[in-house]
Amino acid sequence: MTRSNRREFLSGVMAGAAAAGLMARAGEAGAQGMAGKITPDDRALLVIVDVQNDFIPGGALPVKEGDQIVPLVNKIAAGFRHVILTQDWHTPGHISFASTHAGKKPFETVALDYGTQVLWPDHCVQGTPGAAFHKDLRIPHAELIIRKGYRQHMDSYSAFFEADGKATTGLRGYVRDRGFRTLYFVGLATDFCVGWSALDARKVGLQALVIEDACRGIDTEGSLAKAWTAMQKAGVKRIQSSDLTA
Ligand code: VGL
Ligand code: ZN
């Protein structure tokens, strides 16, 4: 075998392996680094979800250990060329707040026209300190901030679509225009805004990976286990920060 047709033969073997799904990680994550680790490429986007004071212990809707992810999120973000942030951004008296519904308490539910709504303590009200990003979050290279939940009569967990599954934040168009193919998710909370965003990423035809140790969940009424089951079914990959090269 000559050198050049050996090269052709090898590239044929590699293409065959990829087609057979043997290189699943490389194909799905967009790039393969050393020792099976993932190196995000230029078409990969890190989405940092709702690392805001109200979701941190001491805030209005604290997520257990929410503060502990901040140094890890900073470190992960440094390994991505492209990063965006999301920010829960509610109007005062928002429909998702228990205080808006007479006789209702936080974590109870109500039936709304778009489905069952969990009711929350007032949180992430536009312009308040609780809606600001955690003071130690350092993402100078973030390219966009997507705000969501600003429609008075509809909640929005997902970074793509509001709770009716139709009203858009504009993220789908942005991702399309920028040519991103693979979205990585970190932040708060695993079972709500992270999970719903990852599911919607799959719905619009993107690869989606959730970096589990850089997320924390609220876990109300079994919501964390339910979210992971739904994500697994939808083809969202569950990875750890140690799976990344950087
Ligand atoms: C979130 C509940 C209400 C979240 C936002 O960021 O996961 N959860 N609003
Ligand atoms: Zn909210």
Side-chain angles (χ1 to χ4, degrees), residues 46-70 73 84-101 104-110 112 114-134 137 139 145-165 167 169 171 183-201 208 210-212 214-228 230-231 236:
L46 178 67
V47 183
I48 302 176
V49 177
D50 298 2
V51 183
Q52 294 167 261
N53 293 325
D54 273 341
F55 297 124
I56 301 291
L61 175 43
V63 181
K64 198 171 163 236
E65 300 180 350
D67 50 334
Q68 292 185 14
I69 67 167
V70 174
V73 168
I84 66 169
L85 308 168
T86 72
Q87 195 171 25
D88 212 35
W89 200 248
H90 298 306
T91 50
H94 190 258
I95 197 160
S96 74
F97 297 169
S99 62
T100 303
H101 305 263
K104 289 287 185 182
K105 289 197 212 62
F107 304 101
E108 292 179 358
T109 58
V110 282
L112 297 178
Y114 56 77
T116 303
Q117 172 70 51
V118 181
L119 296 174
W120 307 107
D122 292 23
H123 66 279
C124 296
V125 175
Q126 298 172 357
T128 62
F133 292 117
H134 188 281
L137 195 66
I139 320 289
I145 297 170
I146 282 279
R147 287 175 167 168
K148 60 187 177 59
Y150 47 74
R151 290 173 174 103
Q152 176 78 6
H153 298 291
M154 211 188 299
D155 206 0
S156 181
Y157 299 138
S158 164
F160 287 93
F161 303 106
E162 310 246 320
D164 67 348
T169 63
L171 182 57
L183 268 52
Y184 292 75
F185 293 91
V186 298
L188 307 169
T190 322
D191 39 351
F192 289 93
C193 292
V194 173
W196 286 52
S197 297
L199 289 172
D200 277 349
V210 172
I211 308 173
E212 185 177 16
C215 302
R216 289 295 186 277
I218 293 174
D219 203 12
T220 173
E221 309 283 339
S223 55
L224 189 57
K226 261 185 240 163
W228 279 120
M231 286 192 272
V236 175

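Numbers here are sequence positions counted from 1. Whatever order the structure lists them in is the order used to number ligands and atoms, beginning at 1.
In this structure, H94 contributes its side chain and R151 its backbone to a donor-acceptor pair below 3.5 Å. Under a 3.5 Å cut-off, the side chain of Q87 and the backbone N or O of C124 do not form any donor-acceptor pair.
The shortest N or O to N or O distance between C193 and ligand 1 is under 3.5 Å. Polar contact check, H123 against ligand 1: a nitrogen or oxygen pair lies under 3.5 Å apart.
Within the 2.8 Å limit, H123 places at least one N, O or S atom next to the Zn ion (ligand 2). For H90, the nearest N, O or S atom to the Zn ion (ligand 2) falls under 2.8 Å.
Closest approach of G93 to Q152, counting heavy atoms only: O-NE2, 2.9 Å. Shortest non-hydrogen contact noted between Q117 and L112 is CB-CD1, 3.5 Å. Here the shortest heavy-atom pairing between I95 and D155 reads CG2-N, 4.3 Å.
A donor and an acceptor atom, one from each side chain of Q52 and D88, are nowhere located under 3.5 Å apart.
Under a 4.0 Å heavy-atom criterion, Q52 is not in contact with ligand 1. At least one heavy atom of I218 sits less than 4.0 Å from an atom of ligand 1.
Exactly one of F192, F55, F97 qualifies for a ring pair (Phe, Tyr, Trp, His ring centres under 6.0 Å) with W120. That residue is F192.
Taking the N/O/S atoms of D88 in turn, the shortest distance to the Zn ion (ligand 2) belongs to OD2.
Taking a cut-off of under 4.0 Å to the non-hydrogen atoms of D88, the atoms of ligand 1 that pass are 5 (C), 9 (N). Residue D50 has at least one heavy-atom neighbour below 4.0 Å for each of these atoms of ligand 1: 4 (C), 6 (O).
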